[in-house]
Amino acid sequence: MSTTTTTVVETTAPKLHVTSLDDSALDTYNDWRDDFFRDGYVVLKGAIPKDRAEGYRHKALEWITSFDKGLDLNDRSTWTQDHLPQSFKAGMYLNYCAAHEKYVWDARQEPGVLEAFEKIWGTDKLVVSYDTVNITFPGRKDVSWSPWPHVDQAPERKGLSCVQGIINLSDAGPKDGGLVLMRGSSKLFNQFFSLNPPDRTQGIGAKHYDFYPFKDHHVDWYKEQGCEIIKVCAEPGDLILWDSRSMHYAAFPESDIIRTIIYACFTPASFMLEEDRQKKIEIFKRWEATTHWPHCNLYSHGKAKIDGVVDPCERDEPLEKPELTQKLLRLAGVEKYD
């Protein structure tokens, strides 16, 4: 029986330097940032004009059907792994140069997307993750699905170190696929881990520094503190931001809508060490994807493999390459800001 794997490199603790906002020093802003810092997430309506969001979705669906595997968007019987490139959690495409398609880079550079992260961090000199896309087909019988509550920031990091983003291209209503998040959990991050020191000796928490999974009784603890699990709802063109210290996971679509999103995370370029920037340049040259961290924890997801051999569907470059402007190259970390 053949097995399909995605290359994932195990990581060790990175160098920790001043790469965060001090929670105790945050002001009251009298805008959406107050909601973000209180709840650990926010939905920014219409960050991208709806017509452009629909255009990006068209490009994403065009991309997923470009692998000559018999996928037909109008034939649900083809919505199976046999007709799709390999993905993580049935929809996250970590390979195939997906992170560097032109439409992905165009969406990352949308003014409404950049302005949101500039407002959070207080600078317009940002770097972006080589994060990827998620195209999740509903009604699949060939995959199993269960919640995997986790945080995407190491307990050893203090303060707000990463803000994750979803550029939403499809409806994400209560029954559609999307982000599930424990509201208010980010504020309890330090308290939780002071009571539950992280176990770095086994499981995925030992392998991936900035990922930590929770067990059922951990979720119950957060509930006892007054946190509520919610399905984050959004429309095409909305931007979802969440604090990486928020407990979260993804919901599989219960509706007929193909979940279509672009992940995008930005942090100040000043957070990045030069050695990490050089790593990022090499990954960029290969058009490969990384984690959601823009400035550190940088490793490539490499090439998708089947039985140890590179998947024949793999690509050496994007289907449609982006225009390498100075703006893009600075966001990519390839060029330095003045």
Do [Y] and [X] meet the salt-bridge criterion of a basic N to acidic O distance under 4.0 Å?
X	Y	answer
Arg157	Asp210	yes
Asp131	Arg108	no
Asp106	Lys102	yes
Arg57	Asp171	no
Lys59	Glu62	yes

Under a 4.5 Å cut-off applied to non-hydrogen side-chain atoms, are [X] and [Y] in contact?
X	Y	result
Phe271	Cys296	no
Val128	Gln109	no
His301	Thr132	no
Ser129	Tyr263	no
Ile229	Lys223	yes
Ile64	Pro85	yes
Leu239	Ile48	no
Lys303	Asp316	yes

Cluster overlap [X] with [Y], hydrophobic side-chain contacts below 4.5 Å:
X	Y	answer
Tyr249	Val151	yes
Leu114	Leu329	yes
Leu324	Val334	yes
Ile257	Ile167	no
Leu126	Leu298	no

Report task. List the steps and the verdict of salt bridge (charged side-chain N to carboxylate O under 4.0 Å, His left out) for Lys187 and Asp243. Result -> CA-CA 10 Å; Lys187 295 174 70 174; Asp243 187 325; over 6 Å; no
Query - Glu282/Lys285 under salt bridge (charged side-chain N to carboxylate O under 4.0 Å, His left out): CA gap, chis, key distance, verdict - result: CA-CA 5 Å; Glu282 291 306 310; Lys285 288 178 180 178; 3.4 Å; yes
Pair [X], [Y]: side-chain N/O donor-acceptor within cut-off below 3.5 Å:
X	Y	result
His248	Asp152	yes
Glu274	Gln278	yes
Asn134	Thr136	yes
Gln86	Asp311	no

Query raised in the report: Once you round to the nearest 0.5 Å, how far does CZ of Arg330 lie from NZ of Lys125?
Result: 8.0 Å
Query raised in the report: CG/Asp31 to OH/Tyr29 distance, rounded to the nearest 0.5 angstrom?
Result: 8.5 Å
Report summary line: Sorted by chain and residue number, the side chain to side chain contact (heavy atoms under 4.5 Å, CB included) partners of Asp68 (sequence neighbours excluded) come out as none
Query raised in the report: Who pairs with Asp72 by side chain to side chain contact (heavy atoms under 4.5 Å, CB included), at least two apart in sequence or on another chain?
Result: Asn74, Asp75, Thr78
Query raised in the report: Got a sec, which pairs hit ring pair (Phe, Tyr, Trp, His ring centres under 6.0 Å) with one end in residues 167-191, sequence neighbours left out?
Result: Phe189-Phe193
Query raised in the report: Looking at Trp148, Phe192, Trp221, which hits ring-ring contact (aromatic ring centres under 6.0 Å, His included) with Phe214?
Result: Phe192
Query raised in the report: Does Phe211 have its ring centroid less than 6.0 Å away from the ring centroid of His150?
Result: yes
Query - Tyr103-Trp63 aromatic ring centre distance below 6.0 Å - result: no
Report task. Could you point out which residue of Trp287, Tyr130, Trp105 forms a side-chain hydrogen bond (donor to acceptor under 3.5 Å, both in side chains) with His100? Result -> Trp105
